[in-house]
Protein chains: 2
Amino acid sequence: MDIQLKRGLLDVCVLAAIKNEESYGYKIIKDMKPYMEMSESTLYTILKRLETSGLLEVHSAEHNGRLRKYYRITDAGSKRIDEFRDDWKEIMAIYRFVTREDQIND
Amino acid sequence: MDIQLKRGLLDVCVLAAIKNEESYGYKIIKDMKPYMEMSESTLYTILKRLETSGLLEVHSAEHNGRLRKYYRITDAGSKRIDEFRDDWKEIMAIYRFVTREDQIND
DNA sequence: TGATATACATCGTATCACGAAGTATTCTGT
DNA sequence: ACAGAATACTTCGTGATACGATGTATATCA
């Protein structure tokens, strides 16, 4: 997929990956893989950004003797997903504008 | 609309604005306005980029005593729109992933 | 024992939208 | 005739950001 297009979907995709139950970095990448692939460096950058802006919360917990960082969506994060749903109407209009068939002019 | 999301649609939107008939900067902005607003600096940056990468062609022509730059889509530009159409299937899958209703787990 | 998977982190780079500011002409209202 | 809006294009600086490269550390498995 076009990189620029991906950019607009990444944040909301990560939020969607944790919206039903908390998750952690490595698992998020695997869960998202069928929909969108991303490198680890990209994901951890995004997770940090989403945390800083209050769209998700982090807590560390032990797993197999190691600390693992679990991410949970916040109310603001859920609101972000709702905003995406709202944006979708505009996006569909753009899609139709871009892919409309040429008019027969004469 | 979310800025990042906009980024992914801008190039293809500009191409769509000239795909039926050649156009020029100021007109492109007005034609796109119902779908997406953009500043002049943004548009002219995009036009230059699309020209450099061969997705559109430019020629200057006189209009009311002034030179105006007309942009025309190339075959590569049309192909770019086709690619967007292809990307759409993935985008729809992502949309469903993001907006799917929470499963009832217990 | 060596490779692979898990798990997270940091740094540098290239791309890019946009505001601000500039230049220059034409049109419109008073 | 004059001011201001509209038309038309350009350049510069900035902040945001995806990603490759690289590093650290442990667990699993052949």
Side-chain angles (χ1 to χ4, degrees), chain A residues 1-15 17-18 22-33 35-53 55-72 80 87 90-91 94, chain B residues 1-15 17-18 22-33 35-53 55-71 80 87 90 94:
Chain A
M1 202 196 324
D2 176 62
I3 295 173
Q4 296 305 313
L5 208 41
K6 213 174 153 181
R7 275 174 104 104
L9 302 167
L10 273 169
D11 280 26
V12 97
C13 239
V14 171
L15 289 172
I18 61 167
E22 58 177 28
S23 188
Y24 56 93
Y26 217 75
K27 182 166 189 294
I28 293 170
I29 288 179
K30 281 196 295 181
D31 289 345
M32 283 180 49
K33 201 158 196 172
Y35 305 101
M36 189 181 293
E37 303 209 16
M38 62 195 313
S39 70
E40 292 174 57
S41 62
T42 299
L43 177 66
Y44 290 109
T45 308
I46 291 171
L47 287 172
K48 192 154 283 174
R49 184 171 65 242
L50 293 176
E51 186 196 350
T52 305
S53 49
L55 304 189
L56 49 78
E57 290 168 342
V58 196
H59 67 104
S60 293
E62 206 196 289
H63 177 81
N64 278 358
R66 279 189 283 177
L67 279 181
R68 198 190 253 169
K69 290 175 90 169
Y70 288 94
Y71 298 88
R72 190 184 3 237
R80 179 70 188 75
D87 279 349
E90 289 176 57
I91 293 169
I94 290 165
Chain B
M1 204 198 321
D2 174 62
I3 296 174
Q4 295 306 315
L5 208 40
K6 212 174 155 180
R7 275 175 104 104
L9 301 167
L10 273 169
D11 280 26
V12 97
C13 237
V14 170
L15 289 172
I18 60 167
E22 59 176 28
S23 187
Y24 55 94
Y26 218 74
K27 185 168 187 293
I28 293 170
I29 288 179
K30 282 195 293 180
D31 289 345
M32 282 179 49
K33 200 158 199 172
Y35 304 101
M36 188 182 291
E37 303 209 17
M38 63 195 313
S39 70
E40 292 175 57
S41 62
T42 299
L43 177 66
Y44 289 110
T45 307
I46 291 171
L47 286 172
K48 192 153 286 175
R49 184 172 63 241
L50 292 176
E51 187 197 349
T52 306
S53 48
L55 303 189
L56 50 78
E57 289 169 342
V58 195
H59 67 104
S60 294
E62 205 196 292
H63 176 80
N64 280 356
R66 278 188 283 177
L67 278 183
R68 197 190 253 171
K69 288 175 92 169
Y70 289 93
Y71 298 88
R80 178 71 187 76
D87 279 347
E90 290 175 57
I94 289 166

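Protein chains get the first letters and strands the later ones, always in sequence-line order, with residue 1 at the start of each.
Computed from coordinates, the B/His63 NE2 to C/dT26 P distance equals 11 Å when rounded to whole Å. Rounded to whole Å, atom P of D/dC9 lies 14 Å from atom CD of B/Glu62. Computed from coordinates, the B/Leu47 CG to C/dC18 P distance equals 14 Å when rounded to whole Å. What separates CD1 of B/Ile29 from P of D/dT10 is a distance of 12 Å, to the nearest Å. Taking atom CZ of residue B/Arg68 and atom P of nucleotide D/dA6, one finds them 17 Å apart after rounding to whole Å. Rounded to an integer number of Å, the gap from NZ of B/Lys48 to P of C/dC18 is 18 Å. In this structure, B/Asp2 atom CG and C/dA17 atom C1' are separated by 12 Å, rounded to whole Å. B/Leu43 has its CG atom 18 Å from the P atom of C/dA20, to the nearest Å.
Of the side-chain N and O atoms in B/Tyr24, none sit less than 4.0 angstrom from OP1 or OP2 of D/dC9. Close to C/dA9, at under 4.0 Å from its OP1 or OP2, lies a side-chain N or O of A/Lys69. Taking only side-chain nitrogens and oxygens, B/Tyr44 never comes nearer than 4.0 Å to OP1 or OP2 of D/dT10. For the pair A/Lys30 and C/dA5, the criterion of a side-chain N or O lying under 4.0 Å from OP1 or OP2 is not met. The side chain of B/Lys27 places no N or O atom within less than 4.0 Å of a non-bridging phosphate oxygen (OP1 or OP2) of D/dA8.
For the pair A/Glu62 and A/Leu67, the tightest heavy-atom approach, listed with the atom from each and the gap, is N-CD2, 3.9 Å. Taking every heavy atom of both residues into account, B/Ser23 and B/Ile28 meet most closely at OG-CG1, 3.6 Å. Taking every heavy atom of both residues into account, A/Leu47 and A/Gly25 meet most closely at CD1-CA, 4.2 Å.
Side-chain contact check for A/Ile94 versus B/Met1: some heavy-atom pair is nearer than 4.5 Å. B/His59 has its side chain within reach of B/Tyr70: a pair of non-hydrogen atoms, C-beta onward, lies under 4.5 Å apart. Between A/Asp2 and B/Asp11, every side-chain heavy-atom pair lies at or beyond the 4.5 Å cut-off. Contact of the B/Met38 side chain with the B/Leu10 side chain is registered, since non-hydrogen atoms from C-beta on lie closer than 4.5 Å.
Out of D/dT10, D/dA25, D/dA8, the shortest distance to the side chain of B/Tyr26 is found at D/dA8.
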### Message
Treating primed atoms plus P, OP1 and OP2 as sugar-phosphate and everything else as base, which nucleotides of nucleotides 16-23 of chain D get B, S or - for protein heavy atoms under 4.0 Å?
### Response
-BSBBB--
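In this model, a side-chain donor or acceptor of B/Arg66 finds a partner on the base of D/dT7 within 3.5 Å.
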